[in-house]
Student: 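Take a look at the following structure, please.
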Amino acid sequence: MPDLPALLTATLLSRLGGAMFTLTIVLYALTRFASPGLAGWLALAAVAPGVVISPVAGALLDRIGPVRSIAVDMAASAALVAVMIIADLSAARGATLFVLVALFSLSSPLSVAGVRTLLPRLVPRYALDRVNALDTAIAAIAEVCGPALAGLLVGFAGPRTALATIAASYTAAAICIIPIRLMPRPAPAAGSLLRQAVQGLHAVIGSPTLRGLAISYGLYQVAWGMLLIAVPVTLAAHLPTAARDLGAGLLWAVAGFGGGIGALLAGHLRTAGRERAVMAAGMIATALAACPLAALFGLTGLLLGLPLAGAWLPVRLTSAC
């Protein structure tokens, strides 16, 4: 189908870069500043500003269209990661890095919402389920393989090389977007951008299903984000610095293997009519993988718990969609 391969390729590259970015920035803070506290603040800066601005980003997407929104985010992300590399070369302080990471987060809702908006416009109705399945598979692959690749790159080549790879991934994604035809310009929106954002927020809050998904998915993502910090910090207590970064990459690679098994399971599991039960089961399984398994049994618990958490990720994403 025209434009679809380019969009899916750009989606994979950008999501892979985003999944790599969070762990890379955590390992960078631990390596350069030896500060788990700063690592936590940077992980928060990589997510929180984008969450806060997302209602406004959704309203902006309605005005400029999804193709432009995706292109703006990918170009801005590539540029900001390149600036982080320059800042590292000039020995910038943690506060400077925090500001750059926060700016990086601000544009991320544009591509996340833009892809979800654009996909239904590019395919006929009969192919919508298939393309949604592809989109879900891409999200699952990126979320479990991105940290693995980031850890391996930091462990073998250092955080600067990992950041350069992330910038290249976003640049390639932006190039993939260029051939996609622009959608018809949306009709002029009534009211201000802020008013549109508030109306969209009210629509989510007023829908029990959307409200429940937002709360449960948000809490789940908080837990997953904590894992990205807890794994390298736990390894730091048992391994030297070089082995810690490489060990984090290998552990997330094992989680990626579990995610591959989960993706196969998600492809054959019939979840229609029992999506809530499947999502709840995945969240409970992930909770048990974190505690008591990973929390009480050291490195062995991590080695067993991360694949279990990774295996349930594609199933949960499929059910949520």
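Because the structure is predicted, anything quoted here is derived from the model rather than measured.
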Student: Minimum heavy-atom separation for Ala142 and Ala19, please, with both atom names.
Tutor: O-CB, 3.0 Å
Student: Could I get the full list of side-chain contact (heavy atoms from CB on, under 4.5 Å) partners for Thr22, not counting sequence neighbours?
Tutor: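 Thr22 satisfies side-chain contact (heavy atoms from CB on, under 4.5 Å) with Leu228 once adjacent residues are dropped.
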Student: For the residue pair Pro66 and Arg121, what are the closest heavy atoms and their distance?
Tutor: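 Closest approach of Pro66 to Arg121: CD-NH1, 3.7 Å.
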Student: Over all heavy atoms of both residues, which pair between Thr11 and Ile138 is shortest? Give the atoms and the distance, please.
Tutor: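 Between these two residues, the closest heavy atoms are CG2-CG2, 4.1 Å.
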Student: Mind checking whether Leu13 and Leu122 sit in one hydrophobic cluster, side chains of I, L, V, M, F, W, Y counted as touching below 4.5 Å?
Tutor: no
Student: Of all heavy-atom pairs between Ala289 and Gly305, which one has the smallest distance, and what is that distance?
Tutor: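 Closest approach of Ala289 to Gly305: CB-O, 3.4 Å.
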Student: Could you name each residue pair satisfying salt bridge (Lys or Arg N to Asp or Glu O under 4.0 Å) that touches residues 8-31, not counting sequence neighbours?
Tutor: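 Passing the test, one end in residues 8-31: Arg15-Asp135.
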Student: Kindly give the heavy-atom pair with the smallest separation between Asp3 and Pro179, and that separation in Å.
Tutor: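 Heavy atoms of Asp3 and Pro179 come nearest at OD1-O, 3.9 Å.
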Student: Taking side-chain contact (heavy atoms from CB on, under 4.5 Å) as the definition, give me every residue that meets it alongside Leu103, ordered by chain and number, with sequence neighbours left out.
Tutor: Leu80, Val99, Leu106
Student: Let me confirm one number: the OG1-CG distance from Thr300 to Leu293, rounded to the nearest 0.5 Å.
Tutor: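 The CG atom of Leu293 is 9.5 Å from OG1 of Thr300, to the nearest 0.5 Å.
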Student: List, by chain and then residue number, the residues other than Ile86 in its hydrophobic cluster (Ile/Leu/Val/Met/Phe/Trp/Tyr, side-chain heavy atoms under 4.5 Å); write none if there are no others.
Tutor: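 Besides Ile86, the cluster holds no residue at all.
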Student: How about Ile53 and Pro109: do any of their side-chain heavy atoms sit closer than 4.5 Å?
Tutor: yes
Student: Please check if Leu38 and Leu44 belong to a single hydrophobic cluster, counting links between Ile, Leu, Val, Met, Phe, Trp and Tyr side chain heavy atoms closer than 4.5 Å.
Tutor: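 Linked, Leu38 and Leu44 end up in one cluster.
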Student: What I'd like to find out is whether the side chain of Leu16 reaches to under 4.5 Å of the side chain of Ile166, using heavy atoms alone.
Tutor: no
Student: Going by side-chain heavy atoms closer than 4.5 Å, which hydrophobic residues are tied to Val47, directly or by a chain of links?
Tutor: Val51
Student: Which heavy atom of Ala48 sits nearest a heavy atom of Ser105, and at what distance?
Tutor: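 Answer, listing the atom of Ala48 first, then Ser105: N-OG, 4.4 Å.
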Student: If hydrophobic residues (ILVMFWY) are linked whenever their side-chain heavy atoms come closer than 4.5 Å, directly or via other members, who joins Val112 in its cluster?
Tutor: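 In the cluster with Val112 there is nothing else; it is isolated.
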Student: According to a hydrophobic-cluster definition based on side-chain heavy atoms being under 4.5 Å apart (Ile, Leu, Val, Met, Phe, Trp, Tyr only), do Leu7 and Ile178 belong together?
Tutor: no
Student: Write out all pairs satisfying ring pair (Phe, Tyr, Trp, His ring centres under 6.0 Å) with one or both partners inside residues 11-30, taking only residues at least two apart or from two chains.
Tutor: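 Pairs touching residues 11-30 that pass the test: Phe21-Phe104.
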Student: Atom CD1 in Ile177, atom OG in Ser111: separation rounded to 0.5 Å?
Tutor: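 Interatomic distance, Ile177 CD1 to Ser111 OG, rounded to 0.5 Å: 9.0 Å.
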Student: Taking the hydrophobic residues Ile, Leu, Val, Met, Phe, Trp and Tyr, and joining any pair whose side-chain heavy atoms are under 4.5 Å apart, which ones share a cluster with Leu219?
Tutor: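 Ile215, all in the cluster of Leu219.
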Student: Please list every donor-acceptor pair under 3.5 Å in which a side-chain atom of residues 145-161 meets a protein atom from a residue at least two apart or in another chain.
Tutor:
| unit_1 | atom_1 | unit_2 | atom_2 | d |
| --- | --- | --- | --- | --- |
| Arg160 | NE | Asp88 | OD2 | 2.7 |
| Arg160 | NH2 | Asp88 | OD2 | 2.9 |
| Thr161 | OG1 | Ala157 | O | 3.3 |

Student: Who pairs with Leu210 by side-chain contact (heavy atoms from CB on, under 4.5 Å), at least two apart in sequence or on another chain?
Tutor: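 side-chain contact (heavy atoms from CB on, under 4.5 Å) check on Leu210 returns Val204, Ser207.
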Student: Is the closest side-chain heavy-atom distance between Met74 and Cys176 below 4.5 Å?
Tutor: no
Student: Only counting residues at least two apart or in another chain, list the ones meeting side-chain contact (heavy atoms from CB on, under 4.5 Å) with Ala45.
Tutor: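 Ala45: side-chain contact (heavy atoms from CB on, under 4.5 Å) contacts with Phe98, Val101, Ala102.
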Student: What I'd like to find out is whether the side chain of Ile70 reaches to under 4.5 Å of the side chain of Val115, using heavy atoms alone.
Tutor: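 Ile70 vs Val115: side chains touch.
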Student: Apply side-chain hydrogen bond (donor to acceptor under 3.5 Å, both in side chains) to Ser77 and list each qualifying residue two or more places apart in sequence or on a separate chain.
Tutor: Asp73
Student: Is Leu4 close to Leu119 at the side-chain level, that is, under 4.5 Å between some pair of heavy atoms?
Tutor: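 Leu119 vs Leu4: side chains touch.
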Student: Group every Ile, Leu, Val, Met, Phe, Trp and Tyr by side-chain heavy-atom contacts under 4.5 Å, then state whether Ile180 and Ile175 land in the same group.
Tutor: no
Student: Side-chain heavy atoms nearer than 4.5 Å, only ILVMFWY residues, links allowed to pass through others: does that put Met20 and Leu97 together?
Tutor: yes
